[in-house]
Protein chains: 2
Amino acid sequence: MNATARKTAAQSLASPPGEGELYGITELAQEFAISLRAIRFYEDKGLLAPRRINGGRAYTRRDRVRLGLILRGKAVGMSLAEIEHILSLYGDHGEGHAKQLDYLVGRIDAAMAELDTRRRNIEAMLGELGEVRGQLQRTLAAKRRARKK
Amino acid sequence: MNATARKTAAQSLASPPGEGELYGITELAQEFAISLRAIRFYEDKGLLAPRRINGGRAYTRRDRVRLGLILRGKAVGMSLAEIEHILSLYGDHGEGHAKQLDYLVGRIDAAMAELDTRRRNIEAMLGELGEVRGQLQRTLAAKRRARKK
DNA sequence: CAGGTTGTTGACGTTAACGTAAGCACTCGG
DNA sequence: CCGAGTGCTTACGTTAACGTCAACAACCTG
């Protein structure tokens with residue numbers, strides 16, 4: 001599959017039946033500055049499930065968003081397994097029963113609690129680094145004063 | 001080295017000459033709920049440098065603090081290499097020249113900026129999860145209304 | 001002094017998250 | 001029709017961060 005194939009596929013339908021733009025793998029790789037291998041790897045792990053067109057992978061906007069979430073999750077320090085859990089919360093669970101929706105809300109709360117813990121840790125580190133910084137600046141100021149300007 | 005050895009070592013000196021309490025490796029392992037192997041591993045990587053007493057490792061309060069920082073760094077999603085950088089900022093750089101202190105402040109600023117980015121990412125995820133949660137709760141409320149209570 | 005606890009040093013195994021390379025298929029421009 | 005470009009699969013290599021296991025030493029206790 002190549003760029004032209006995708007282009008014609010998208011252009012041949014003035015009003016596509018439900019899935020707007022499609023993206024190729026290299027396209028996404030460049031946009032997010034990661035390797036093709038990484039994207040395929042995420043697919044292997046079940047984090048992405050692009051459709052196949054002519055043997056090649058075709059990603060929808062939704063896939064693109066998911067990839068963004070994956071990378072943000074990584075940036076936040078989550079494992080792919082954790083990210084998978086988070087992603088599962090983004091599905092089309094419009095058909096679930098009340099029980100299941102409650103369960104989902106619970107999962108989301110748990111995920112949010114974990115993220116909050118992480119944030120607190122970061123804030124603690126920021127605080128401590130700020131203290132070290134302040135201390136350094138004080139000794140620096142003292143040194144400069146000692147030099148009589 | 002064992003618990004008693006440490007105990008006697010600490011008790012034999014009413015006013016120890018500069019290094020208060022000492023901790024054994026299992027002690028720290030239990031306190032932080034990690035394995036002995038992990039602690040030794042951090043030492044291998046240069047993140048910890050306990051003194052040796054009778055062949056066994058003896059950790060000071062300072063070592064204990066460093067271990068805490070290591071674990072918090074991990075919880076925040078940092079690699080051991082990154083953590084090592086952060087830890088190097090906590091040293092006794094009271095004897096550095098102004099140039100070096102300036103450099104250190106720069107390093108700290110960089111580290112803080114990175115942490116801040118991470119925090120922002122977390123907040124973004126929290127926001128999105130909150131939205132999903134809200135959406136779910138709305139459909140849940142609708143379902144309950146549909147049941148006429 | 002036998003046994004248990006606590007510690008030590010290797011050495012090898014494992015999991016996660018990819019990187020790298022080989023070899024083959026399709027498709028397009030010339 | 002052919003080479004360049006793009007993509008696919010399969011398989012092996014790599015790095016980080018430990019876990020696990022073996023074999024041994026020091027020490028306290030009964």
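Chain A is the first sequence line, chain B the second, and so forth, proteins listed ahead of strands; every chain is numbered from 1.
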Can you measure [X] atom [atom1] to [N] atom [atom2] for me and round it to whole angstrom units?
X	N	atom1	atom2	answer
A/I53	D/dT6	CD1	C1'	15 Å
B/E84	D/dA17	CD	C1'	14 Å
A/N54	C/dC28	CG	P	9 Å
A/L36	D/dC8	CG	C1'	11 Å
A/I25	D/dG5	CD1	C1'	15 Å
B/K45	D/dC18	NZ	P	10 Å
B/I70	D/dA16	CD1	P	16 Å
A/E82	C/dT15	CD	C1'	14 Å

Q.
I want to confirm an ordering. Mapping A/R52 and B/S79 to their closest nucleotides on DNA chain D, which one lands closer to the 5' end?
A. A/R52
Q. Between the side chain of A/R118 and the main-chain N/O of A/G77, is any donor-acceptor distance below 3.5 Å?
A. yes
Q.
Between A/R66 and A/L47 (side chain of the first, backbone of the second, donor and acceptor by atom type, cut-off under 3.5 Å), is there such a pair?
A. yes
Q.
Can you tell me if A/R57 touches the phosphate of D/dG7, counting only side-chain N or O atoms and a distance under 4.0 Å to OP1 or OP2?
A. no
Q. Is the phosphate of D/dC18, meaning OP1 or OP2, less than 4.0 Å from a side-chain N or O of B/Y42?
A. yes
Q | Side chain to side chain, A/R57 and A/I39, heavy atoms closer than 4.5 Å | A | no
Q: State, with a plain yes or no, whether a side-chain heavy atom of A/E31 is found less than 4.5 Å away from one of A/E27.
A: no
Q.
Run the salt bridge (Lys or Arg N to Asp or Glu O under 4.0 Å) test on B/D116 and B/R120 for me, step by step, so that the C-alpha distance in whole Å, both residues' side-chain angles and the decisive distance to 0.1 Å come before the verdict.
A. CA-CA 6 Å; B/D116 209 59; B/R120 265 192 254 288; 2.6 Å; yes
Choose from [options] the nucleotide whose nearest atom is closest to any side-chain atom of [X].
X	options	answer
B/S35	C/dT9, D/dC18, C/dG7	D/dC18
A/A38	D/dC18, D/dT9, C/dG19	C/dG19
A/F41	C/dG7, C/dC18, D/dC18	C/dC18

Q) Side-chain donor or acceptor of B/R37 under 3.5 Å from a matching atom on the base of D/dT20? A) yes
Q. With a non-hydrogen cut-off below 4.0 angstrom, is A/L80 in contact with a base, only sugar-phosphate, or nothing?
A. sugar-phosphate
